[in-house]
Amino acid sequence: MKINPEISRRIKVLRFPLIVCIVCIHSSLLNPYQNQTYLGAGFAEFFISWNLSRVAVPLLFIISGYLFFVNFDMSGETYRKKLKSRVRNLLIPYLFWNLSYWLMLFLWRLFKNLKSPIRAEEKIQFLMNPDHFFDLLNAVTGFYNFFPALYQFWYVRDLIILIILAPLFWFLAKKLPYIVLLLLAVPWLIDGKIERLSSLFFYCGCLLAIKNWDVTKFDRYKLFILPTYLILVGIIAGFQSIEIEPALIIPWANLTILLGIIMIWSMTDALNPQVENALSSLSGFSFFVYATHEPLITQIKITTHKLGITVNPLMQFFFYFALIIFTVILTLFIAFIIRKYTPKFYELITGSRNY
C-alpha cells in the first residue's frame with residue numbers, strides 16, 4: 001500500500017507548524033511541576049507551551065512511524081532500502097549537528113584553557129584527558145542524561161533506534177496489536193515520562209499503516225473537537241498555574257494530548273488555500289529550524305536573565321512571545337541564505353529536506 005496524496009498533503013502542511021510548536025515548548029520560562037503558583041501571564045505559557053504545543057512530538061513520531069511502515073512488507077530488500085534512506089535523512093544530519101556543537105564547545109574550552117597561565121604539561125594533560133572521549137560519546141548518544149549534545153535531537157536519536165527495531169514493531173503489530181498498544185500507552189498516560197513517548201507513538205504510526213485505518217474519519221467532527229480540546233487545555237493550564245500535585249494533572253494532560261493529535265490532524269482539512277500554500281513552502285525549512293533553535297533560545301534566556309529583563313511578569317509575558325517570533329524568523333532567514341548559496345550543503349545537513 002502506498003501513501004495516498006491526501007495524507008501526503010497533510011503531512012507536508014503540518015511539518016513547519018509542528019516544529020514551531022517545539023520552539024514554543026523550549027521558549028517557556030515556567031514549569032508547572034515545580035509546586036509554584038503562576039498567576040496572570042503564566043497561564044498563557046502553560047496554555048501554549050505546556051499543552052497546545054505538547055501535541056507536536058507525539059504527532060511527529062506517529063507520522064514517522066506511519067511513513068516507515070506504510071509500504072513495509074518485511075522483506076530484507078525493503079528494510080535495507082528504508083534504512084539507507086534514513087541514513088541520509090536522519091543519521092547524517094544527527095551526527096553533523098551534534099558533533100559540530102560538541103566540537104564548538106570543546107574548542108571553546110580548549111582556547112579558554114590555553115589563555116590561562118598554566119604550564120605546558122598541564123595543557124597537554126587537558127588535551128589527553130580521557131573524559132573528552134566520554135563527553136563525545138555522550139554528545140552522540142546521550143547515555144549520561146538521556147539527551148545528546150543538542151538536546152532536541154533526542155527525538156532523532158530515538159527515531160533512529162526505533163527504525164532499527166522496526167521488524168519487531170511490525171511483528172508485534174501483526175500478532176498482538178492492541179495488547180502491545182495498551183502496554184505502551186498505560187505507563188505513559190500515568191506518568192508522562194519522555195522516555196516512554198517515542199515507542200508508544202511510533203508504534204501508533206505503525207498500527208495506522210498496517211491496519212490501514214481511515215485517518216480522515218474525524219474530519220466531520222472537527223468543529224466539535226476543536227472547542228472541546230481548547231476548553232480542556234484551558235482547564236489544565238489553569239490547574240498548572242496554581243500549586244497542585246503534578247500526579248493529578250499529568251494523566252488528564254496526556255489524555256488531552258491524544259485529543260489534540262486528532263484535532264490538529266482533522267483541522268488540516270479546513271485550511272485556507274493561501275495558508276496551506278504558505279505552510280507547504282515553509283516545509284523544507286522545518287528541519288533547519290528544529291536543528292538551530294537550540295542553543296539559540298537558551299543563550300537568549302541567559303542573557304535576558306542577566307539583564308533582568310524578565311523579572312517583571314508582564315515583561316516576561318511579552319518576552320515569551322518575542323522569543324518565539326525572533327527565533328523562528330532568524331533561523332528561517334539563515335536557512336534561506338544557506339539553501340540559496342550552498343544548496344548541496346543544505347541538503348546534506350537537513351537530510352535532503354529541500355521540498
Side-chain angles (χ1 to χ4, degrees), residues 1-19 55-91 155-186 188-189 196-222 225 254 257-269 280 283 286-287 351-353 355:
M1 182 191 72
K2 294 187 179 296
I3 185 171
N4 68 59
E6 172 60 16
I7 295 176
S8 180
R9 177 192 69 81
R10 295 194 188 202
I11 291 174
K12 189 172 184 178
V13 165
L14 279 174
R15 279 197 184 100
F16 186 73
L18 293 179
I19 297 303
V55 172
V57 176
L59 186 49
L60 284 169
F61 272 118
I62 291 174
I63 291 172
S64 297
Y66 179 83
L67 291 175
F68 189 89
F69 288 101
V70 70
N71 57 354
F72 187 74
D73 59 8
M74 200 55 184
S75 69
E77 183 180 357
T78 300
Y79 184 52
R80 284 192 297 271
K81 285 182 179 178
K82 284 185 173 286
L83 285 181
K84 184 178 179 179
S85 69
R86 268 55 179 190
V87 167
R88 183 184 70 250
N89 295 337
L90 296 173
L91 182 60
Y155 163 80
V156 179
R157 187 269 320 276
D158 280 19
L159 188 54
I160 292 170
I161 295 172
L162 292 169
I163 286 170
I164 293 173
L165 298 175
L168 174 62
F169 281 92
W170 185 90
F171 176 81
L172 293 173
K174 286 287 188 179
K175 302 298 182 182
L176 302 165
Y178 304 112
I179 293 176
V180 174
L181 179 62
L182 192 65
L183 291 174
L184 292 174
V186 172
W188 176 79
L189 285 170
R196 308 186 196 280
L197 185 150
S198 53
S199 56
L200 167 61
F201 289 101
F202 185 80
Y203 182 73
C204 288
C206 172
L207 281 181
L208 283 173
I210 290 177
K211 299 297 182 181
N212 196 23
W213 289 337
D214 181 9
V215 295
T216 65
K217 65 186 301 182
F218 292 104
D219 290 355
R220 70 191 76 172
Y221 307 113
K222 57 181 172 288
I225 295 173
N254 289 340
I257 285 175
L258 299 180
L259 182 62
I261 291 171
I262 296 172
M263 183 276 296
I264 287 181
W265 183 261
S266 63
M267 290 305 295
T268 56
D269 182 53
S280 296
S283 176
S286 300
F287 191 89
S352 301
R353 292 171 173 83
Y355 44 86

>> If the threshold is 4.0 Å, N to carboxylate O, is there a salt bridge linking E6 and R9?
In response: yes
> Looking at F201, Y203, F202, Y155, which one forms a ring-ring contact (aromatic ring centres under 6.0 Å, His included) with F61?
Replying inline: Y155
>> For W265 and I7: C-alpha separation, side-chain torsions, deciding distance, then whether side chain to side chain contact (heavy atoms under 4.5 Å, CB included) applies.
In response: CA-CA 10 Å; W265 183 261; I7 295 176; 4.1 Å; yes
> Which atom pair, heavy atoms only, marks the closest approach of L162 to S198?
Replying inline: CD1-O, 3.6 Å
> Which atom names give the shortest non-hydrogen contact between V215 and R10, and what distance separates them?
Replying inline: O-NH1, 4.4 Å
> Rounded to the nearest 0.5 Å, how far does OG of S283 lie from CZ of F16?
Replying inline: 9.5 Å
>> Do K82 and N71 have side chains that approach each other closer than 4.5 Å (heavy atoms only, starting at C-beta)?
In response: yes
>> With side chain to side chain contact (heavy atoms under 4.5 Å, CB included) as the test, pick out the partner of P58 among L200, I63, I261, N254.
In response: I261
> When rounded to the nearest 0.5 angstrom, what is the spacing between CG in N89 and CZ in R86?
Replying inline: 6.5 Å
> Should L258 and I262 be marked as a side chain to side chain contact (heavy atoms under 4.5 Å, CB included) after you check the CA-CA gap, both sets of side-chain angles, and the distance that decides it?
Replying inline: CA-CA 7 Å; L258 299 180; I262 296 172; 5.9 Å; no
> Roughly how far, to the nearest 0.5 Å, is CD1 of I179 from CG of L184?
Replying inline: 12.0 Å
>> Can you give me the closest heavy-atom contact between Y178 and K211, atom names plus distance?
In response: OH-CE, 4.1 Å
> Which pair of heavy atoms, one from S286 and one from I19, lies closest together, and at what distance?
Replying inline: O-CG2, 3.6 Å
>> Treating T216 as the side-chain partner and D219 as the backbone partner, does any N or O pair qualify as donor plus acceptor under 3.5 Å?
In response: no
> Measuring from D73:CG to T78:OG1, what's the distance to the nearest 0.5 Å?
Replying inline: 3.5 Å
> When rounded to the nearest 0.5 angstrom, what distance separates CZ in R220 from OG in S266?
Replying inline: 12.0 Å
>> Below 30° counts as parallel, above 60° as perpendicular, anything between as tilted: where do the rings of F72 and F68 land?
In response: tilted
>> Tell me whether Y79 contacts the main-chain N or O of I164 through its side chain, where contact means a donor paired with an acceptor under 3.5 Å.
In response: yes
>> Any non-hydrogen side-chain atom of L208 less than 4.5 Å from a side-chain atom of F69?
In response: no
>> Restricting to non-hydrogen atoms, name the atom on I257 and the atom on V55 that form the minimum distance, rounded to 0.1 Å.
In response: O-CG2, 4.0 Å
> Rounded to the nearest 0.5 Å, what separation is found between the CZ atom of F287 and the CG atom of L90?
Replying inline: 7.0 Å
